[in-house]
Every structure is written in structure tokens, then in C-alpha cells.
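Here is the structure we will look at, set down as C-alpha cells.
The sequence lines fix the lettering, A, B, ..., with proteins before strands; numbering per chain opens at 1.
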Amino acid sequence: MTILNPKFGKYGGQFVPETLMPALIELEEAFVKSKTDVEFQKEFNKLMATFVGRPTPLTYAKRLSEKLGGAQIYLKREDLAHTGAHKINNALGQALLVKRMGKKRIVAETGAGQHGVASATAAALLGLECVVYMGSVDIARQEPNVFRMKLLGAEVKPVNSGTKTLKDAINEAIRDWVTNVRDTHYLLGSALGPHPYPTIVREFQSVIGTEAREQIMMEVGRLPDTVIACVGGGSNAIGVFSGFVDDESVELIGVEAGGSGIDSGKHAARFGDATKARVGVIHGTQTYVLQDADGQIAETHSVSAGLDYAAVGPEHAMLRDNERAFYTSATDVEALDAFHTLCHTEGIIPALESSHAVAEVIKRASRMRKDQVILVNLSGRGDKDLNTVIKELGD
Amino acid sequence: MNRIENAFKNKPIFMPYFPLGYPNLETSIDVIEALAKNGADLIEVGLSFSDPLADGPVIQQATQVALENGITIKKCLGAVKELRKRDVTIPLILMGYYNPMLAYGLEKFVRDAKDAGADGFIIPDLPAEESAEFENILNAGRVDGDALSPSYRKVPEGGDLPLIRMLAPTSSAERMEKVARNAKGFIYLVSVTGITGERKAIAEGLSDLIAKVRKHTDIPVCVGFGIGTPEQAKEVGAMADGVIVGTACVRTIGSSKNPVEVAKEFAAEFNSALRGSKNNA
């Protein structure tokens, strides 16, 4: 029996080998305890303020709003968090739990490298050993982050199995965890995997939504009409959504990776492709999964490594079913256009992942009135993507 | 007496694992037949999955080859049927991950598996916490809810095929009690904290671990993961009711030029090592 509800509607759960069940139970206990542990909360909040640099600002995107001629656009600047993305919030939170559980070693998966860098950073700060699994395809396209992880003292292990991307990195991280579970914690970076991970990751990322809600109220004196975030596994989106999910007037929009277009079959739009996405079980959780007719997990494609994953966090599946949130997608081309637009109009280089959210802003802002407000979560900065973008420009 | 109970009349038993479709479907059927007729007491018939997170490199690679050769659950069930036609009479347990079964349709999967002649299921990513739906389907003739309730459904004849429950060295006494209670067929005890694959030595403390499990159940306890040689099998067989050999079986047979002949030798060798350990014990 779990302490917390392991399901989000019919999604979620704990589909893992027996060897890992005791570790999940231990993790849940440590997490539940931490929620009422004043010392833990103090330490976490202090690190958020003095190490991560929270609260991250809310920036009014004046020139972008004027250019699009519709809604007023506000950017929640997770790109300004230490290490350059929202991933650090969860990495530090879980690393503190690791210390409480008395474990000495963490393993992590990474796609774009942002979670790997955040995990390596948390490990360095708190004196933990850190191994990061990363698909060799992703290593090639996110080289700067690989170097950063190594500088921070982490060991980066290339994964050459399967599609050599995020999905396979998670497989390898889980295999390491099963083998070393007695002294190792799996620092999962997104709102997926077996319970309690989706709940823990949401909790540590909810700081985004809590801050953004206060900031927008201060800035414009009312709630936004629309909140937009990109969705890979869905941790930045669930973080910002959590601040507004009880405000029925606020429309929540998640943006998946449309890759080369839904019709091309080369994408990572779990909610967007009814021919390939069905409810299934992958990496410990029941959710929407891109798969073939025989239940083999499908290959995905996105220009952004962080969204290039076949499944979506289980809470997003529930929010979609009960129509509290809506999900759409942006193609590689649309995301790259949005990337350049934000660079030119606002002087901000966004991560390619976050550029998907900006692409949706561009599609929708001009159809909205000038007194309406869009809040977009700018989940990370784009320095890591320069190689990819330069290559795309050259093609 | 069903086939599984029958298999345990002569303990400890030898239980190799081999994936259907590796190195190709026809050869894998021949290999399983050869294992069955030369000393295997029960065979774990592997169903392949693209993301086998409990498996080491050898089984990953073999199941990947099977998938590249176009293996599906449907073809696997056809193979089981074929093995029964060839007078393979020992229990054949289907071992695979949950998602392909979900995609096939759980009720249809259970029904078709029974019709094909399978004897049970091992699903490594379906722990006790999540197994209710599958086990409800296995409970033949059971009806959930009354005819007027929205949850009413008639469960198809699932027969008495068991979902084999797994325990691990990390399982607490409390979990052992809970998992072992109502377990059917046999307990699959994972001997090491880790993924499938051969190890240099048998895990320390295995006999204590087996003793702990036996406190909670009278059904046979079989040990798998990390057992690769007849000597290791003999050592484990002195403590357990059955010995599961996966990686060594796949590697030895899969890498040979004459898989069927090697399978015959492999089964005979392990069988004689195990039956010997019984006599010595």
C-alpha cells in the first residue's frame, strides 16, 4: 500500500520489477516526511533562493506582444535559474531527499542534457557521486552539456542501445538502479516513471507555478487567460500548471514536439497522433505511449532532445482526459522560427524545447484581444542548442 | 494435476529461458523443443519487447534480433501451439513485459495463450501492486459486480493459469508475506539485486533468503538471475526447488552454429548437474 495515491485517474502506478518496489516505498516515505519537516523545507527554500537564484523573474515581452498585435505576453524566466533551466528545482529537491535517505550515489538520465547538468550540479553541491546516462545521438547534438556535466564531476555514460535517445537512457539508468539500489537513488528528471516520481517532481517544480501566479497578479492585477508550456515528459508544464489548475478561468496549453509533422510519422506528439498513441505502460507508468500495433515502443523525432520521448507524464494524461488542459504540437520548423523570433524581438535565446511553447504563443496571440494575457514558461536557455541551430541554418 | 505441479514431482527442476524469434522463429521453436526433450522440466518462453529494462545485454540483444525478425505475440502463441503438436508436454510459461500484452488485449491474450497450450505467465514489470487487473482475468468465470452495476463484466475462461509472482533480495518480510500469500504455481525468486546476466558466484546469503520465502509459502521456490554454469545450478539446486537459467542459455545456444544440437547438450548437462545435487543433498 502506498501512502499517497499512486494514480492520476486511470494513469500512473508502479509498473517496476519487484527489486525496485522497496526503493519506491522508501522514497515515498522520505518524501512524505520531508513535506512536514521544517528543517528540510528551510534547507530547500534557502538553496532555491541563494543557489538557484529564485524567484526567477517574470518578463513582459513587449516587442513580441507588439509584433503579434494581440495578447500581452509574459515570460516566466526559468532560463535564468542556475544551470539554465527549470530542471535544477527538482534535482536539488531530490538530492536533499537522497541525503535524508543516507544514500551516496545518484544515477540520472538526460535527453537535452539539462537534467544531467542539474543532477551533476546538485551532486557536486551536496557531495554525492553522480552517473548520467545519455543516448549517443543526444551526446552528439548536445555536446556543450556533456562537457559541463564532466566539469561538474559526473560520469557521463553513453547509451548505444535502441534508439540511442532519452528512452534508452532511462532504460540504462533503471538497470543501474536495479543493480545498485541499496546505495543508489535514481534521480528521475521528469514528471513520469513509477509513483512516487510524478508526484515528487510536480512538488519540486510547483515553485514555478506558485511564483508565476504571484508575479502575474502583481504585474497585471489578474490571472492570465492562457498558460503555455512545452511537454516532453512534462515537468516544466506540470510545474507551471500547478499554480493555475484550480483557477478554472485559466486555459492550460501543453505543446508537444511535432517533429517533421504529425502526418510524417516523425514526431513525439503522444496526444496528437491517434494512429500511434495508445494507453500503455513504459518505464513504470501507465500513460499515453507512442507504439506500434504490437505494443513495441515507437521511435520518436524532434529537433529538441528534451521533447524526444515516446511517453508523457501520467498527470498530463489525466488533465487531458478531463479536459482541464489542452495539448497541441509545434513542428521542428515552427519551433526554430519561434527560436529566432524570440532572439530578435526580446534578446533572449530560448532552449529549443521552450521554443515549442513560444511557437504556440505566436500562433495564438494575434487571435486574442490586447487586454488578454498569455503566460509562457520559458523553461530553459538555448546556449546548449547553438550547434543544432547553426546546422539547421546551414541546411 | 496440472502440468506445473507435475513438473515439480522430481526436484530440483531445470528451467531454461529462451526467446521465440531468436535467432529466427523456426530455429527458436526447434531449440525449445530440443531443450524440452533433453532435460528441461519447464521452459520460460520469452516474448520480446523493445525496452526490456530488467534484462542485461545478452537478452536485450537476442530479443532485439527477434523483433527485427518480426516476432509478435501472435507468432509466439502460434509457436507454442506448434510445440504442443510436437509432443512437448512440459509446462511452457510465457515471459514478457506488460505493454505488448496490453496492446494485444489482456483478455484475448489470456484466452489465446490458454488455447495455444501455455501454462502461465511471468511479467517482470507487473509487481503485486499492479497485478489485480491481470489476475482478475485469470480467475476463470469470475464476474465483477452484479449485472446492474456499471463495472459488471463477465471474465472469459482464463483457466487456472497462474501469474508467477516474483520476490527479490530487497523484498521486506512484510512484502514477502503479502506477495507469497495466494501465489500460484511457484515463486520466482530473483537471487541478486540487478538485471539478468551471469555472475561469477552465487549470491551470498541465498540460502537465508530462500528460507525466509519458505516461511510464507508451501509452493515451490525457484531461483533465477545470475546462474550460468551447471556447477552454480547444482549449488542453487541444493537449496531451491528449481533453477532458472536465462542469459547463459541464450548466449550459449544463440552464438553456436548448430543451436539445436547445443540446446540438447545444454539441457542434458544442467539436468544431470541438478538431479545429482538432489542426491547429494
Side-chain angles (χ1 to χ4, degrees), chain A residues 1-2 6-7 10 12-26 159-163 167-184 186 193-195 278-287 289-299 310-311, chain B residues 47-57 60-61 63-64 67-68 70-76 96-105 109 123-131 133 165-172 174-176 178-179 187-197 225:
Chain A
M1 278 291 283
T2 52
K7 304 265 179 182
K10 63 178 180 174
Q14 299 181 297
F15 297 85
V16 296
E18 170 64 22
T19 308
L20 292 178
M21 281 306 306
L24 293 178
I25 293 167
E26 179 191 19
V159 176
N160 286 307
S161 57
T163 56
K167 161 177 94 74
D168 310 283
I170 296 178
N171 287 339
E172 276 313 311
I174 292 177
R175 289 180 186 123
D176 182 316
W177 186 34
V178 174
T179 306
N180 301 295
V181 63
R182 290 173 203 274
D183 70 349
T184 296
Y186 178 22
H195 173 76
R278 287 191 309 281
V279 176
V281 167
I282 178 76
H283 295 143
T285 195
Q286 185 151 22
T287 184
V289 184
L290 288 169
Q291 52 185 308
D292 70 12
D294 296 313
Q296 308 300 340
I297 307 307
E299 279 196 37
Chain B
L47 311 180
S48 294
F49 180 47
S50 54
D51 295 82
L53 52 78
D55 285 306
Q60 281 177 47
Q61 193 258 340
T63 51
Q64 189 60 38
L67 287 172
E68 281 160 16
I71 197 68
T72 61
I73 286 190
K74 196 173 168 204
K75 286 182 188 170
C76 288
Y97 293 83
Y98 200 38
N99 197 58
M101 300 174 191
L102 282 171
Y104 190 89
F109 174 60
I123 310 175
D125 58 348
L126 197 67
E129 277 74 4
E130 301 293 349
S131 63
E133 185 179 8
R165 294 189 173 183
M166 302 179 85
L167 282 169
T170 51
S171 308
S172 64
E174 191 188 346
R175 279 191 71 73
M176 282 189 181
K178 183 180 146 194
V179 172
I187 298 276
Y188 189 133
L189 178 61
V190 176
S191 75
V192 293
T193 47
I195 52 178
T196 58
F225 284 43

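Within the 4.5 angstrom heavy-atom criterion, no atom of B:P57 approaches chain A. Only the side chain of B:L67 comes within less than 4.5 Å of a heavy atom in chain A; its backbone stays farther off. Residue A:D176 does not touch chain B at all, counting heavy-atom pairs closer than 4.5 Å. If you measure heavy-atom distances from B:K74 to chain A, you find no contacts under 4.5 Å at all. With a threshold of 4.5 angstrom between heavy atoms, A:I170 does not approach chain B through any atom at all. Neither the backbone nor the side chain of A:T2 comes within contact range of chain B, judged by heavy atoms closer than 4.5 Å. With a 4.5 Å cut-off on non-hydrogen atoms, A:A23 does not touch chain B at all.
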*A:R175 and B:Q60: side chain to side chain contact (heavy atoms under 4.5 Å, CB included), yes or no, with the steps?*
CA-CA 12 Å; A:R175 289 180 186 123; B:Q60 281 177 47; 3.1 Å; yes
*asked:* Working note: B:N99 + A:I297, criterion side chain to side chain contact (heavy atoms under 4.5 Å, CB included); need CA distance, chi angles, decisive distance, verdict.
replied: CA-CA 9 Å; B:N99 197 58; A:I297 307 307; 3.8 Å; yes
*Take B:L102 and A:V281 through the side chain to side chain contact (heavy atoms under 4.5 Å, CB included) test and state the conclusion after the steps.*
CA-CA 8 Å; B:L102 282 171; A:V281 167; 3.6 Å; yes
*asked:* Using side chain to side chain contact (heavy atoms under 4.5 Å, CB included), reason through A:V178 and B:L53 one step at a time and then give a plain yes or no.
replied: CA-CA 9 Å; A:V178 174; B:L53 52 78; 5.9 Å; no
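Note: B:P127 leads B:P127, B:A128, B:P169 in heavy-atom pairs under 4.5 Å with chain A. Counting heavy-atom pairs closer than 4.5 Å to chain A, the top residue among B:A103, B:P100, B:A168, B:S131 is B:P100. Across B:L126, B:V179, B:D55, B:V192, the residue that shares the most heavy-atom pairs under 4.5 angstrom with chain A is B:D55.
Between the side chain of A:D294 and the main chain of B:T72, no donor-acceptor pair closer than 3.5 Å is present. With B:E130 contributing its side chain and A:Q14 its backbone, the two residues share a donor-acceptor pair below 3.5 Å.
Separating the OG atom in B:S172 from the CD atom in A:E26 is a distance of 11.5 Å, to the nearest 0.5 Å. To the nearest 0.5 Å, atoms CD (B:Q64) and OG (A:S161) are separated by 8.5 Å. Remark: A:L20 CG to B:T170 OG1 distance equals 7.5 Å, nearest 0.5 Å. In this structure, OG in B:S48 is found 7.5 Å from CD in A:Q296, a value given to the nearest 0.5 Å.
Under the rule for a ring-ring contact (aromatic ring centres under 6.0 Å, His included), the partners of B:F49 that lie at least two apart in sequence or sit in another chain are B:Y97. For B:R175, the side-chain hydrogen bond (donor to acceptor under 3.5 Å, both in side chains) partners two or more places apart in sequence, or in a different chain, are A:E18, B:E129.
For the pair B:T193/A:T179, no side-chain contact is recorded, criterion being any heavy-atom separation below 4.5 Å from C-beta on.
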